[in-house]
Amino acid sequence: MKHLPKSTPTEILNDPYGFTYKEMSEVIGEDKARALYTELYKQPFHKKNLSISTKKVYKSSDTEKYVYELKDNRYIETVFIKRRDGGTVCVSTQVGCSVGCIFCESGRNGFVRNLTPSEIVQQVILIRQKVNRIVFMGMGEPLFNYDNLIAAIHILRDRNGLNFPTDGITVSTVGPVNQLKKLREEHLKIQLTISLHAATQAARNCIIPHMHMYAIEDVVKQALSYSQRHNRKVVFAYLLLPGINDRSSDIRQLAKWFKGKNVMINVLQYNPTSNSKIRAPQKQEMVAFKHQLEQTGLEVTMRVSHGREIKAACGQLANTYNKAKKQQK
Ligand code: SF4
């Protein structure tokens with residue numbers, strides 16, 4: 001684990017969710033750290049320890065979207081998807097995003113700032129329900145906030161606190177190659193999802209414009225290397241865009257890369273955003289594409305979107321409040 005410069009007791013007491021038990025103990029002593037950690041992770045929690053607050057909650061039958069206000073009056077969104085035995089939290093890692101995927105609302109106004117480890121951890125703490133999966137799939141590209149993401153994962157896994165199992169943590173990324181290499185070397189064994197969305201460089205450049213500096217082959221190679229080293233099935237997310245990434249040659253290329261590998265392709269449906277130029281595929285087009293991939297011998301799934309009606313589905317998390325603030329200026 002990376003060693004950060006030692007914090008002061010005041011910094012720890014002002015924002016305690018940003019530290020592991022060990023980091024805390026080294027600065028304020030074991031007894032105080034134990035007492036504080038117990039206070040932080042028992043329910044109900046003390047508001048005085050929080051640096052983010054709930055601004056608004058939207059609810060549908062199985063999904064809740066939380067709008068959180070940060071100390072600097074910025075806003076982020078976090079989604080909770082209910083399951084029979086608990087639920088999944090979709091956590092944000094940045095305010096805004098620099099990647100600019102054409103199907104996503106989060107990056108429409110560009111990147112604002114990285115979230116701190118504490119702001120990342122508190123998104124989970126503030127969901128007062130049983131959480132058994134954490135997915136870093138909310139606003140922002142998690143690997144562009146690498147150090148804070150890894151620090152937050154260590155805090156979430158800390159056995160003195162939430163003691164969250166590594167198996168239940170997924171990082172979803174567009175796959176910046178250098179950061180993927182670093183992640184491969186971490187002793188974390190978290191689940192990895194790569195937002196691939198294309199089988200050619202040209203199509204990927206069109207769908208994820210600000211990732212053009214990374215060769216698609218290198219992204220695939222690094223992800224497969226992660227899968228091998230950690231013995232993990234890597235999921236490749238593929239948002240189907242008719243006329244852009246659904247040709248027979250795309251299917252052949254995906255089969256060439258992934259046949260016989262520990263990989264699953266997740267075919268995704270476009271959830272409506274403000275980009276009116278995108279045509280969402282019909283259900284039959286999705287099913288046909290999935291079927292053709294399966295015929296090549298690949299493992300394929302088609303994810304059902306949750307929370308569309310409250311704009312909480314993939315690609316729909318927006319800086320609505322940040323935008324409103326900007327317009328007021
Ligand atoms: S999908 Fe992820 S990486 Fe792409 S713009 Fe949205 S938040 Fe950023």
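Whatever order the structure lists ligands and atoms in, that order sets their numbers, starting from 1.
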Pull out every atom of ligand 1 sitting under 4.0 Å from any heavy atom of [X], numbered as shown with elements.
| X | answer |
| --- | --- |
| Gly100 | 5 (S) |
| Cys97 | 3 (S), 5 (S), 7 (S), 8 (Fe) |
| Cys104 | 1 (S), 5 (S), 6 (Fe), 7 (S) |

Of the listed options Ser195, Ser98, Gly140, Ser106, closest to atom 2 (Fe) of ligand 1 (non-hydrogen atoms):
Gly140
Do the non-hydrogen side-chain atoms of Glu141 and Leu143 ever get within less than 4.5 Å of each other?
yes
Salt bridge Glu217-Lys221, side-chain N to carboxylate O under 4.0 Å
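Answer for the salt bridge query: no.
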Distance alone, cut at 3.5 Å: any donor-acceptor contact between the side chains of Gln222 and Asp218?
no
Please round to the nearest 0.5 Å and tell me the distance separating atom NZ of Lys261 and atom CZ of Phe236.
10.0 Å
Could you give the distance from CG (Asn262) to CZ (Arg232), rounded to the nearest 0.5 Å?
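It comes to 10.0 Å.
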Between Cys101 and ligand 1, which part of the residue brings a heavy atom under 4.0 Å of the ligand: side chain, backbone, both or neither?
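Answer for Cys101: both.
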